[in-house]
Protein chains: 2
Amino acid sequence: MPKLVDHEERRAHIIDALLRSAADSGLHAVTMRSVAVEAGVSVRLVQYYFDTKEQLLLAAMARLAVRMGERIRDRVRTAGSSTAPRDIIAAVLLEAVPTDEESRTFHLVYTEYAVLSVTDPALAGQSFLSAPNEMEDFLVGLLTAARQAGDTDPRMDARQEAVVLLAASAGLGLSVLLGQRTAQDAAAVLHYHLGRLFPGSRASDGSDSSGASDGFGGSGGSGGSGGDGKSSRVHRPRP
Amino acid sequence: MPKLVDHEERRAHIIDALLRSAADSGLHAVTMRSVAVEAGVSVRLVQYYFDTKEQLLLAAMARLAVRMGERIRDRVRTAGSSTAPRDIIAAVLLEAVPTDEESRTFHLVYTEYAVLSVTDPALAGQSFLSAPNEMEDFLVGLLTAARQAGDTDPRMDARQEAVVLLAASAGLGLSVLLGQRTAQDAAAVLHYHLGRLFPGSRASDGSDSSGASDGFGGSGGSGGSGGDGKSSRVHRPRP
DNA sequence: CACTTGATGGTATGTTTGTACCATAAAAAC
DNA sequence: GTTTTTATGGTACAAACATACCATCAAGTG
């Protein structure tokens, strides 16, 4: 076994172990030992590939930032077939709403890092600010185009609206993470809001259930989670 | 000095020390010693009033939840003089946007707790879910009233809109905490959004600067952070 | 005045953590 | 074929931590 080895591969393997460990015990509970166990290697090896714990945490953060970029780009590419700005926007914003276990894990650890970066001077969250800022500019472009195409109220302010969209999607994603809302409800709310931003348009589905995404609700009734009735909230769906 | 002592007062004092300690070193870095030092007492005393660290953390969380309720109620009461639903809603939502150091500290620790509660089984965040849920119901009531009074689009879905508002305010607050946006920008965005929700109405100021809260922007221009231009972002204003 | 009880300080203890050190087997280089 | 890297394991160690234990001093209580 002791042959020549691809360092990047090993590092990626260990970082993934850290991410998994952080996902179910919390980033604060991550230790050299827990990472080593999760990766199936000795502590010494973790030390070998990342000299210190701080550098390991830093590397994992960098990897998270990269992966976030990839995820967004994937969404854009996948939804890119539909030229409708609304669908691209929806796809991008829905990235923040964790659906399966994989995305839940990802966004949980990402959020833990973001919060940690506020107090930990070693994590000078550059990476965390650049991604959202790019997203914001991207959305501004789409919204401006949509407005000029007449798909939206001409008085809409693209930048402010982009910030609202981003904030709402982050907030909804967080509420799903905290177990306050289901991913389906969050998605429905997002679709509702987009329906108000793009009047007259209709979400080109997406194989997503939740019929509440019909532009405006066909006057009055507003299908799905229904009018003023209690919405179905959830109290920690954690297994 | 060793007289009979008000336990609740002592406990409150120690909890405040914990909150302060958590605010500038991070909740993960809080230790019995750091709390004791911050409170100006011996470690033994912290142990005396809260048997274990877990109970101390739990008590601090409970206190945070109570304080959050008080904060919201204060906002409602203060803005209550204005009967306009829009102003009440604005006041309540702006609570999530930290302006001074005090509110920044509060919301930072609150957020740290919320995130921690996802992975730590001891913190079964009941308290975190009840407050937002009450807020949601409260907003639904206000929005429904506003819609019936004709202040809003009759096709607006009060519940979905309430969720959007709450999510956006949480997201904006978080972005301020992370140093991505200034509190003033976040407030302006919130006012902009309310301006779209309540067409024709005008925010009854609030001694708050940021002239960008003028209903709709007087056609086209939208004062303050200006049209499609780059908004002024900030990169960690931490001292 | 005896004495019990509440409030506090100091210190010891066992565990966990990050990291440094020592060892070694396999490959690569010469 | 010797020697030097490269990759790995094991273990040792100092620091920090939560907590348990021991001691004490001042009030109340009888």
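The sequence lines fix the lettering, A, B, ..., with proteins before strands; numbering per chain opens at 1.
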Which pairs count as side chain to side chain donor-acceptor pair (under 3.5 Å) when at least one residue sits in residues 42-62 of chain A, sequence neighbours excluded? none

Got a list of protein N/O to nucleotides 20-22 of chain D N/O distances below 3.5 Å?
{"residue": "D:dA20", "atom": "N7", "partner": "B:Q47", "partner atom": "NE2", "Å": "3.0"}
{"residue": "D:dC21", "atom": "N4", "partner": "B:R44", "partner atom": "NE", "Å": "3.0"}

Could you check whether B:V41 gets within reach of a base, just the sugar-phosphate, or nothing at all, counting any heavy atom under 4.0 Å? nothing

Residue list, side-chain contact (heavy atoms from CB on, under 4.5 Å) with A:M135, at least two apart or on another chain: A:I72, A:V92, A:L166

Which part of the nucleic acid, if any, lies within reach of A:F50 when heavy atoms closer than 4.0 Å are counted: base, sugar-phosphate only, or nothing? nothing

Relative to each other, are the rings of A:F106 and A:Y110 parallel, tilted or perpendicular (30° and 60° limits)? parallel

Once ring-ring contact (aromatic ring centres under 6.0 Å, His included) is applied, do any residues pair with A:H193, and if so which ones, sequence neighbours excluded? B:H193

Between C1' of C:dT19 and CG of A:L56, the distance in whole Å: 14 Å

Taking salt bridge (Lys or Arg N to Asp or Glu O under 4.0 Å) as the cut-off, I'd like each qualifying pair that reaches into residues 160-179 of chain B, sequence neighbours left out, listed once. A:R196-B:E161

My understanding is that only residues two or more places apart in sequence, or in another chain, count here; which of them pass side-chain contact (heavy atoms from CB on, under 4.5 Å) with A:E8? A:D6, A:R11

Within this structure, what is the CD1-to-P distance between A:I14 and D:dA7, rounded to whole angstrom? 12 Å

Given atom NE2 of B:H28 and atom P of C:dT17, what is their separation to the nearest angstrom? 15 Å

Measuring to OP1 and OP2 of D:dA7, would you say a side-chain N or O of A:Y49 lies under 4.0 angstrom away? no

side-chain N/O A:Y48 vs D:dT8 OP1/OP2, d < 4.0 Å: no

Residues two or more places apart in sequence or in another chain: which of them pass side-chain contact (heavy atoms from CB on, under 4.5 Å) with A:D16? A:L19, A:R20, A:R63, A:R67

N or O in side chain of A:H7 less than 4.0 angstrom from D:dT6 OP1/OP2: no

Proximal nucleotide (of C:dT8, D:dT19, C:dT19) relative to the A:V43 side chain: C:dT19

Nearest 0.5 Å, please: how far is CG in B:L94 from OG in B:S169? 8.0 Å

Scan for salt bridge (Lys or Arg N to Asp or Glu O under 4.0 Å) pairs involving residues 166-176 of chain A, sequence neighbours excluded, and state none if there are none. none

Here the distance between atom P of C:dG6 and atom CG of B:D6, to the nearest Å, is 16 Å

Identify the pairs formed between an N or O of the protein and an N or O of nucleotides 14-18 of chain D at a distance under 3.5 Å, and give each distance.
{"residue": "D:dA18", "atom": "OP1", "partner": "B:K53", "partner atom": "NZ", "Å": "2.8"}
{"residue": "D:dA18", "atom": "OP2", "partner": "B:T31", "partner atom": "OG1", "Å": "2.5"}
{"residue": "D:dA18", "atom": "OP2", "partner": "B:M32", "partner atom": "N", "Å": "3.0"}
{"residue": "D:dA18", "atom": "N7", "partner": "B:R33", "partner atom": "NH1", "Å": "3.2"}

